[in-house]
Amino acid sequence: VQLQASGGGLVQAGGSLRLSCVASGSIGAMGWYRQTPVKQRELVASISITGVTNYANSVRGRFTISRDNAKNTMYLQMNTLKPEDTAVYYCNTKPPKYAWGQGTRVTVSS
């Protein structure tokens, strides 16, 4: 399965972005991960195939993960963005099983 994340960009603090992840096939539990040059890749949100969600404390209440199983697509709605959300965002299964794609870069300016 190949995974393609998109939707990143440059936004001011307090702004919003919506990320999308398209999988080339159907998969189970999925997650959004992010990585910066100084921090290891971390899981920020996950969603089961039935829609059960979990969030890292740092994003809970600001980010919303969702999925459309019919389209093999997952989303991450990011609101009230902060400069510390700046990172490259990746999608994968949870736990990660497939090759990491190039991700999509999110830059939040203060």
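These numbers were taken from a predicted model, which means no experiment stands behind them.
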Which class fits the ring pair F63 and Y89: parallel under 30°, tilted 30 to 60°, perpendicular over 60°?
tilted
Cluster link V106 to V22, ILVMFWY, side chain under 4.5 Å:
no
Please tell me whether N79 and S16 have a donor and an acceptor in their side chains that are separated by less than 3.5 angstrom.
yes
Can you see which heavy atom on S110 is nearest to which on P83, and at what distance?
CB-CG, 3.8 Å
Mind listing the closest non-hydrogen atom pair of G7 and L17 along with its distance?
O-CD2, 3.9 Å
Measure the CG-SG distance between L76 and C21 for me, rounded to the nearest 0.5 Å.
10.5 Å
Where T80 and D85 come nearest, the two heavy atoms and their spacing
O-OD2, 4.4 Å
Contact summary for I65 and Y55, nearest pair of heavy atoms:
N-OH, 2.9 Å
Least distance between heavy atoms, T36 atom then T86 atom:
CG2-O, 3.3 Å
Joint hydrophobic cluster, Y90 plus L3, side-chain heavy atoms closer than 4.5 Å
no
Should I27 and L43 be counted in the same cluster of Ile, Leu, Val, Met, Phe, Trp and Tyr side chains packed under 4.5 Å apart?
no
Give a yes or no on whether R60 atom CZ has more than 12 heavy-atom contacts from other residues, nucleotides or ligands under 6.0 Å away.
yes
Tell me whether V44 is reachable from Y33 by hopping between hydrophobic residues (I, L, V, M, F, W, Y) whose side-chain heavy atoms are closer than 4.5 Å.
no
Pairwise distance CZ(R34) to CD(E42) - rounded to 0.5 angstrom:
4.5 Å
Atom pair CE/CG of M74 and L19 - distance to nearest 0.5 Å
9.0 Å
Pairwise distance CG(L81) to CD(Q12) - rounded to 0.5 angstrom:
11.5 Å
Compare all side-chain heavy atoms of D68 with those of Y75 and state whether any distance is below 4.5 angstrom.
yes
So do the side chains of R41 and V88 get within less than 4.5 Å of each other, counting heavy atoms only?
no
Separation between OG (S20) and CD (Q4), nearest 0.5 Å, reads 10.5 Å
Option among T73, N72, I47 that satisfies the side chain to side chain contact (heavy atoms under 4.5 Å, CB included) test with R67
I47
Shortest non-hydrogen contact from Q35 to A87?
O-CB, 3.4 Å
Has the side chain of N92 got a donor or acceptor atom that lies under 3.5 Å from a matching backbone atom of K97?
yes
